[in-house]
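Read the structure below first, then the notes.
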There are 4 protein chains.
Amino acid sequence: MTTTLPTIQHLINGQLVSGGSRSADVFNPATGQVEKQVLLADKLTVERAIISAQAAFPAWRNTPPLKRARVMSKLKELLEQHADELCALITAEHGKVLSDALGELQRGIENVEYASYAPELLKGEHSKNVGPAIDSWSEFQALGVTAGITPFNFPAMVPLWMWPMAVACGNTFVLKPSERDPSSTLRVAELALQAGLPPGVLNVVHGDKEAVDTLLQDPRVKAVSFVGSTPIAEYIYAEGCKHGKRVQALGGAKNHAVLMPDADIGNAVNALMGAAFGSCGERCMAIPLVVAVGDDTAEAVIAGLKTEIAKMKVGPGTDASSDMGPLVTKAHFEKVKTYVDQGVKEGATLLVDGRGVQVAGHAAGYFMGPCLFDHVKPGMTIYQEEIFGPVLGVVRVKTLQEAMDLIDAHEYGNGTCIFTRDGEAARYFTDNIQVGMVGVNVPLPVPVAYHSFGGWKRSLFGDLHAYGPDAVRFYTKRKTITQRWPSAGVREGTVFSFPSSR
Amino acid sequence: MTTTLPTIQHLINGQLVSGGSRSADVFNPATGQVEKQVLLADKLTVERAIISAQAAFPAWRNTPPLKRARVMSKLKELLEQHADELCALITAEHGKVLSDALGELQRGIENVEYASYAPELLKGEHSKNVGPAIDSWSEFQALGVTAGITPFNFPAMVPLWMWPMAVACGNTFVLKPSERDPSSTLRVAELALQAGLPPGVLNVVHGDKEAVDTLLQDPRVKAVSFVGSTPIAEYIYAEGCKHGKRVQALGGAKNHAVLMPDADIGNAVNALMGAAFGSCGERCMAIPLVVAVGDDTAEAVIAGLKTEIAKMKVGPGTDASSDMGPLVTKAHFEKVKTYVDQGVKEGATLLVDGRGVQVAGHAAGYFMGPCLFDHVKPGMTIYQEEIFGPVLGVVRVKTLQEAMDLIDAHEYGNGTCIFTRDGEAARYFTDNIQVGMVGVNVPLPVPVAYHSFGGWKRSLFGDLHAYGPDAVRFYTKRKTITQRWPSAGVREGTVFSFPSSR
Amino acid sequence: MTTTLPTIQHLINGQLVSGGSRSADVFNPATGQVEKQVLLADKLTVERAIISAQAAFPAWRNTPPLKRARVMSKLKELLEQHADELCALITAEHGKVLSDALGELQRGIENVEYASYAPELLKGEHSKNVGPAIDSWSEFQALGVTAGITPFNFPAMVPLWMWPMAVACGNTFVLKPSERDPSSTLRVAELALQAGLPPGVLNVVHGDKEAVDTLLQDPRVKAVSFVGSTPIAEYIYAEGCKHGKRVQALGGAKNHAVLMPDADIGNAVNALMGAAFGSCGERCMAIPLVVAVGDDTAEAVIAGLKTEIAKMKVGPGTDASSDMGPLVTKAHFEKVKTYVDQGVKEGATLLVDGRGVQVAGHAAGYFMGPCLFDHVKPGMTIYQEEIFGPVLGVVRVKTLQEAMDLIDAHEYGNGTCIFTRDGEAARYFTDNIQVGMVGVNVPLPVPVAYHSFGGWKRSLFGDLHAYGPDAVRFYTKRKTITQRWPSAGVREGTVFSFPSSR
Amino acid sequence: MTTTLPTIQHLINGQLVSGGSRSADVFNPATGQVEKQVLLADKLTVERAIISAQAAFPAWRNTPPLKRARVMSKLKELLEQHADELCALITAEHGKVLSDALGELQRGIENVEYASYAPELLKGEHSKNVGPAIDSWSEFQALGVTAGITPFNFPAMVPLWMWPMAVACGNTFVLKPSERDPSSTLRVAELALQAGLPPGVLNVVHGDKEAVDTLLQDPRVKAVSFVGSTPIAEYIYAEGCKHGKRVQALGGAKNHAVLMPDADIGNAVNALMGAAFGSCGERCMAIPLVVAVGDDTAEAVIAGLKTEIAKMKVGPGTDASSDMGPLVTKAHFEKVKTYVDQGVKEGATLLVDGRGVQVAGHAAGYFMGPCLFDHVKPGMTIYQEEIFGPVLGVVRVKTLQEAMDLIDAHEYGNGTCIFTRDGEAARYFTDNIQVGMVGVNVPLPVPVAYHSFGGWKRSLFGDLHAYGPDAVRFYTKRKTITQRWPSAGVREGTVFSFPSSR
């Protein structure tokens with residue numbers, strides 16, 4: 001019967017193609033039904049994509065940056081026109097509510113927009129007279145074939161963090177998206193072709209470890225960008241580097257929001273609701289932990305959160321009245337549930353329990369309601385590990401310094417934020433905290449597209465962050481030229497006869 | 001009878017409006033017929049535009065740069081969609097052939113495109129710890145109401161050098177285009193409204209000296225950009241500065257092309273034909289003078305030019321087979337003719353005489369054929385002055401140094417170029433020549449939109465060039481902030497009670 | 001008897017020389033005695049300096065930036081070594097206490113240090129493939145002869161804002177310092193020669209309006225930097241621009257400090273004491289006005305100020321126990337005294353009266369003690385005008401918005417600051433206030449040397465600020481080169497024979 | 001007897017200390033005598049250095065950049081003052097002639113100079129209004145403890161590529177120089193302390209693989225810079241990345257100089273002599289291969305080289321008349337000799353044989369004379385491998401394209417250059433060649449200190465180059481802050497009472 005299901009193919013050299021004898025099921029998480037099959041590329045198929053990218057490189061590299069940038073401008077228009085279609089694909093395979101899908105897409109479009117600034121971004125540094133009549137300048141040249149490996153949680157946005165800047169810089173690209181929700185990723189790539197990207201400049205292959213390892217080991221691939229969990233990120237970084245590539249590998253997170261006694265609690269509660277439960281908490285910039293400074297602060301924020309949680313509606317992402325959709329897979333649902341069980345067992349106080357939520361007409365969907373813990377403490381599993389579910393924990397501390405010590409002791413350092421009205425608290429926090437992206441009264445301090453995204457500690461391996469200005473440096477290599485001209489007699493007039501070579 | 005002619009109105013606060021009791025005729029230079037009337041704004045009308053711009057400023061200045069930039073992206077799309085309509089308007093009033101009009105429009109679109117990079121371009125400089133726990137940063141804030149005064153020769157492009165960057169930087173704008181061919185300028189402004197520019201952000205007033213002087217003297221106008229002839233530019237600069245404004249005033253040109261003995265003469269001839277006769281020579285980056293180094297070089301280039309000139313077709317700009325259209329006005333036609341007469345009188349050798357050209361069916365059009373002089377010499381009127389017509393002169397010199405001395409002695413320093421194959425000649429020329437825009441084997445070295453346009457000497461008054469990176473600095477003022485936070489006790493925990501103010 | 005006084009000469013082409021038949025007295029303001037005579041240059045003498053600068057330009061312009069920068073590094077060392085000597089000269093002629101003189105010198109040294117970064121600062125922008133095989137880049141070329149006209153209040157520092165960056169950029173310079181205290185300025189220039197600056201690169205001429213007008217009108221001078229009062233700044237800007245130069249003219253100030261109810265009053269009082277009375281208030285970044293938000297705030301700050309003022313010691317600058325020295329001249333002393341009289345007459349409450357101060361043994365010195373007014377109001381002369389003396393006024397308002405409206409309504413917009421602990425108040429203030437340099441809990445927000453100095457409104461005429469990054473743009477002109485190479489057959493191997501020209 | 005030899009110690013926390021039970025001989029290569037002993041650090045000793053660096057980090061990181069920069073300025077002065085002493089140390093242990101040692105030192109000083117620009121280089125990017133009233137900026141924060149591992153061939157310069165920029169950026173550093181010639185490296189570090197670097201900010205440990213592996217594996221070390229051979233570079237990169245660090249590892253080279261038929265052969269010969277034989281060819285930017293385009297070109301360059309080689313004098317580096325000193329060690333001498341033997345065996349034509357050179361009075365020195373091969377071909381060992389000796393090979397090709405294909409097929413891509421007078425050949429070469437540092441008529445295109453140094457292909461592992469602008473990015477991590485301020489009522493005046501907390 002599965003033969004009648006639609007099959008999601010690879011996109012190689014501008015064509016949708018088969019490749020690999022294996023495939024995987026693609027589910028609708030709101031119904032628990034298998035809806036499509038996705039092909040899983042074998043080594044040969046990935047190599048076909050690499051070969052296609054390599055063949056497309058010389059012409060694309062020589063295409064003036066302005067022309068490359070204009071493909072990005074055109075793609076931006078097409079993405080805006082196709083927003084409904086793309087959001088429907090995201091929701092159908094990932095489960096998030098449509099407004100969330102649109103938010104993701106818009107953030108992705110901003111990255112396409114930034115890539116359209118390429119002529120400005122690719123300017124080199126020119127020095128006159130580094131010595132007498134000697135000039136020197138640097139160029140930022142494309143690397144060749146580059147690759148990206150992206151996670152399920154933002155199937156539209158995270159790929160758009162990578163390949164638009166890569167190709168705007170003159171590279172060609174092989175993208176391996178998550179095999180759980182690949183359709184929107186693929187559709188965006190098709191629109192890029194329609195926008196004028198030559199065949200082979202962007203290739204999409206679906207797959208699993210075989211595909212990943214091929215990309216990591218093939219000498220024709222010059223750079224790899226990855227977003228996923230920390231253990232895999234660490235593997236990707238070590239393995240890619242071992243094969244001489246440049247690698248940026250973004251991993252997990254456990255973002256703490258610090259709530260100061262002087263904060264505007266009402267605003268903070270509103271901000272935290274979205275940050276904790278938006279997209280079911282399946283975001284590397286989600287806030288799963290609130291660190292309340294002082295018990296009064298803790299009581300106030302808990303009261304506010306309980307009120308707001310009571311108003312939340314869990315349901316299918318396609319229903320406009322839903323605030324939160326299902327988790328992405330059955331396995332992930334079970335895993336999140338186990339975390340909640342474990343939290344109770346380890347002594348945290350479960351104030352709101354979302355484990356038993358029922359969504360009418362969607363009994364087989366992977367729905368879980370919002371969970372709220374109080375008295376979460378370092379050492380508990382729900383404190384240490386990234387849950388990636390709708391589970392928010394409150395940690396109580398006495399001072400800002402205690403809050404910061406907690407954050408700095410955690411293995412992850414992706415994002416964090418502080419709610420306060422006090423300039424000095426904000427400056428001390430932002431200056432010293434060992435975290436890459438910091439918000440002041442901003443719960444999800446995801447940098448805008450013209451800045452760069454990246455965590456510290458075990459949240460990112462590599463030295464350059466994703467998208468924004470860092471992406472230009474990641475996707476180009478510096479060439480430095482030093483030039484002096486000896487006289488050929490033309491200037492001085494000693495060679496004066498008409499050249500005979502014509 | 002003129003009451004039946006269409007009237008070109010002002011665009012103030014998003015509305016087409018009347019204003020001023022005077023008007024001027026707008027001719028079709030290919031027929032010599034009056035086709036439209038353009039209103040000429042009086043002081044009050046210009047002040048209405050300034051008031052409109054000032055009222056729109058606070059909200060526009062606070063609009064995030066990304067949103068302002070997106071209006072520019074959208075305008076780019078609209079300009080591409082309306083290209084035929086705009087080119088027809090340009091040709092109908094200016095006379096240039098349609099392909100030339102399209103070239104102009106495309107260059108203008110590139111400036112709109114650059115303005116869409118605003119979020120990147122407006123980044124300030126941030127310094128941590130300029131002292132212990134003291135930070136400092138600079139912001140580039142909008143000026144307020146800014147103004148532009150533009151010439152007839154590029155009615156679409158030159159305004160787009162100015163206002164897109166001005167408004168992308170957060171300013172509002174009053175534009176006074178040339179009253180000879182204002183329709184395309186106005187149409188572009190209407191499209192900007194359609195693209196989402198709020199009413200009052202861009203205003204267009206037609207007019208003459210009364211309008212100009214109002215803009216120069218009104219204290220609400222903070223900056224003035226001007227492109228035109230040098231005497232007017234000098235007046236604009238002195239008068240605007242006297243009223244405390246920042247001013248950039250671009251003036252005239254007399255661009256020399258140096259032809260070296262080792263140059264590829266065939267390529268150079270092709271390049272020179274377009275540079276000398278394109279748009280009838282009515283361009284500040286046109287090449288009206290070839291400086292041939294060596295008599296052999298002179299003979300060769302003259303031979304090539306004569307051959308190519310013989311193939312040229314002069315005719316109405318709307319005729320796709322025309323290579324060159326009419327001059328812009330009857331008065332200008334007479335002036336150019338007088339220059340040619342004067343050249344003959346002063347002893348230059350007129351090799352090709354375009355004065356008597358006849359275009360069938362267009363007896364009243366302002367057509368002049370290409371003219372070619374040999375033995376043009378410094379001191380001759382046709383050497384010293386900007387003709388702005390299809391008149392190319394050959395100057396003969398013995399060495400590159402002699403060519404450069406000529407160029408440096410000329411009052412203008414807008415553009416120049418050298419044709420050579422020799423690295424050292426090119427480096428010596430580009431380094432030392434007292435000219436702002438220099439080409440190496442590129443006849444019209446107009447900088448691309450992500451660089452900046454400006455001449456030296458009496459070709460530009462002011463310290464920042466037009467469009468590109470310089471435009472960001474021209475249309476913003478620097479604000480530098482130095483910040484230190486004293487403790488309010490929140491960080492140390494001495495203030496701990498819940499704030500009572502809620 | 002005055003014939004035996006030392007005479008301060010001009011420094012032209014590396015030599016101390018006479019020039020001009022007029023001279024002026026140089027006083028010691030602590031004693032009221034004439035100590036030296038300074039020559040006043042006539043037109044011919046200034047022209048000799050210009051000629052010297054022009055002659056030195058070609059070689060200096062071609063000196064690699066790194067070598068020019070190293071002269072600045074060496075000068076920095078020499079200034080540090082000669083600090084005591086220079087401070088003594090400053091105090092002897094200006095009157096400020098030695099610690100103040102040292103502070104000024106150190107700030108000046110920082111500007112020399114910044115100029116030593118020239119190789120980095122002068123990098124141009126390089127774009128590959130602006131079209132197929134066409135490259136384009138911009139160079140920031142020196143202007144030629146540049147000039148500076150500087151005030152009495154910072155005889156060491158303000159000249160160092162100008163000429164180090166000008167010469168590091170490859171220009172040569174003519175400096176006209178204040179004729180009231182020229183010795184330290186001249187000594188610094190001598191040290192620059194000793195550091196390796198070639199003769200003629202920096203020239204110093206003393207003088208008055210005749211010298212100034214010569215600099216403004218001579219066509220060989222390409223740029224003028226000025227710091228002084230607003231009426232003169234306005235004249236300099238209009239006159240220099242009329243002669244086609246680029247000009248930056250910094251004028252007067254009336255800097256308000258806003259004190260919010262939540263501010264740390266103790267810190268603010270300490271900060272205000274230095275900002276109001278340091279260098280006798282003869283600073284364009286001094287704080288002569290405190291705007292207290294709320295009467296409680298006003299009472300608290302006044303109480304603190306009165307306590308601190310009572311501890312101040314007025315005396316000769318050479319006495320290490322003096323907190324404040326004399327005013328610069330007898331005339332200025334009288335002028336400041338008249339302002340205080342006028343303040344009383346117009347209804348402000350004079351809480352501390354410094355008019356009758358007596359310094360033992362210095363009866364003829366120009367000493368005035370600190371004055372403190374309460375209830376200063378807009379419209380009073382002491383509110384509107386720049387006093388440039390040790391006079392601090394307290395203005396009382398009810399809200400931050402009222403404070404900001406006052407500041408924005410004042411003709412000057414040089415500096416301002418806010419004392420608060422509140423992030424939002426600081427952000428709203430710094431974003432919206434119409435002032436160029438803004439402090440948050442920093443009373444004198446003079447930008448560090450790697451940022452730029454400049455006010456808004458009638459505090460600065462021109463579009464680029466002094467020193468820092470803006471100085472690079474002010475002291476250079478952009479040249480944009482567009483380059484394409486035609487084949488000479490060498491690359492393809494069609495020209496293969498050994499060149500015959502050798 | 002060796003117990004009486006001087007012992008070279010480690011520099012840890014500002015003290016010269018012992019550490020490790022092993023040591024190694026340090027030879028004078030001109031005499032073949034052991035002159036000193038150098039301690040080899042064990043794991044514990046390296047960890048002491050790391051601990052020292054970590055302890056020094058917090059205070060150093062908080063030291064304002066300007067103060068850190070000034071230590072670099074002061075160090076520059078000290079290095080200039082101690083140049084003779086440092087050059088003597090270099091020559092005594094490395095062997096190169098004193099003028100070469102001075103050249104190396106000067107290049108190193110330029111890197112110190114660049115590090116002194118830190119306040120400018122560390123500026124972050126500031127964006128106002130990324131959303132309504134939301135600001136965002138990036139800071140480039142120090143990493144913590146960083147490390148460098150440097151080769152024997154530039155004991156003064158290569159360490160100065162690394163640690164000055166690392167510490168100027170706020171990091172602390174552990175340096176492991178080559179154990180063959182460590183004295184000058186150590187002396188420079190002592191001078192840095194004298195210049196004001198706090199103890200522990202820079203530590204020097206001598207050692208071998210045990211020390212290297214400790215640096216690579218210790219989690220407290222955040223970044224590793226390496227310069228050495230490619231196999232080791234590859235190991236360093238893989239091993240360091242495996243331990244989650246950022247790594248830049250610069251490896252070997254085989255730089256080709258392309259000689260075009262139109263080149264100025266006389267100039268080229270002079271340039272090649274220094275590039276091939278300077279410092280005995282022990283430079284990663286040396287030119288060991290000349291690719292002559294055309295046999296005429298080959299014959300001409302060979303004739304010139306033979307003439308010049310005949311004039312060369314080989315002798316001890318301390319003798320001012322020596323052009324070339326000894327190789328660094330006995331083992332290296334044997335290795336180079338074997339390469340020459342192999343070249344003969346594989347069929348290259350040995351035109352000049354330096355194997356038998358005798359230096360009077362220095363029979364035990366490791367002297368080899370210049371060797372010149374003709375008809376070197378790809379596949380030969382002397383073509384493929386890095387010899388690091390005074391061996392120059394001529395390769396003959398027919399076209400530029402053939403030369404470029406050779407270069408691109410080689411495993412290394414460090415430096416290359418072209419000698420030509422032709423703009424198009426130069427542009428085509430520099431644009432397309434797969435090499436990181438490219439010269440046009442410049443034989444050793446080592447980028448100046450304000451650009452960055454790095455090869456392509458297997459000459460560099462990592463994504464950022466050494467020194468210059470790239471070093472800022474390598475030695476800092478980006479932190480991005482997003483800030484919004486909620487109202488605390490202070491601005492609006494709703495909170496008005498005097499704060500009670502004081």
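Naming: A, B, ... by sequence-line order, numbering from 1 per chain. Quick note: numbers below take in every heavy atom, side chains included, and nothing from hydrogens, waters or symmetry partners.
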Between chain B and each of [options], count heavy-atom pairs under 4.5 Å; write down the option with the most.
options	answer
C/N62, C/L460, C/N432, C/N441	C/N441
C/D431, C/V435, C/T430	C/D431
C/Y235, C/W456, C/F474	C/W456
C/M437, C/H451, C/Q141	C/H451
C/G462, C/C417, C/S127, C/G455	C/S127
C/V446, C/V442, C/D422	C/V442

For this session: Please name the pair of heavy atoms, one in C/S452 and one in B/T480, separated by the smallest distance, quoted to 0.1 Å.
Result: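 Closest approach of C/S452 to B/T480: O-OG1, 3.5 Å.
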
For this session: Might you point out which heavy atoms bring C/W485 and B/V440 nearest each other, and give the distance in Å?
Result: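 C/W485 and B/V440 have their closest heavy atoms at CH2-CG1, 4.0 Å.
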
Indicate yes or no: at least one non-hydrogen side-chain atom of [X] is less than 4.5 angstrom from one of [Y].
X	Y	result
B/K479	C/V438	yes
C/K477	B/Q434	yes
B/K242	C/K242	no
C/Y450	B/V130	yes
C/P469	B/R478	yes

Counting only heavy atoms closer than 4.5 Å, note whether [X] contacts chain B via side chain, backbone, both or neither.
X	result
C/R458	neither
C/E239	neither
C/K222	neither
C/V448	side chain
C/I418	neither

Problem set entry | Best-contacting candidate, B/G436, B/P445, B/G131, B/A238, against chain C by heavy atom pairs under 4.5 angstrom |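 Counting heavy-atom pairs under 4.5 Å, the top option is B/G436.
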
Problem set entry | Exam field: side chain C/Y237 to backbone B/H243, donor-acceptor pair closer than 3.5 Å |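 Looks like no, no N/O pair under 3.5 Å.
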
Exercise. Between B/R473 and C/D470, does at least one N-O distance fall below 4.0 Å, as a salt bridge requires?
Worked result: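 Salt bridge: yes.
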
Problem set entry | Gap between atom CZ of C/F429 and atom CD1 of B/I481 - 0.5 Å precision |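 Between atom CD1 of B/I481 and atom CZ of C/F429 there are 10.0 Å.
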
Problem set entry | Distance (rounded to the nearest 0.5 Å) between C/C241 SG and B/F461 CZ |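 With rounding to 0.5 Å, SG (C/C241) is 11.0 Å from CZ (B/F461).
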
Problem set entry | C/D463: which of B/L464, B/T476, B/V247, B/L143 passes side chain to side chain contact (heavy atoms under 4.5 Å, CB included) |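 Exactly one option meets the side chain to side chain contact (heavy atoms under 4.5 Å, CB included) with C/D463, and it is B/L464.
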
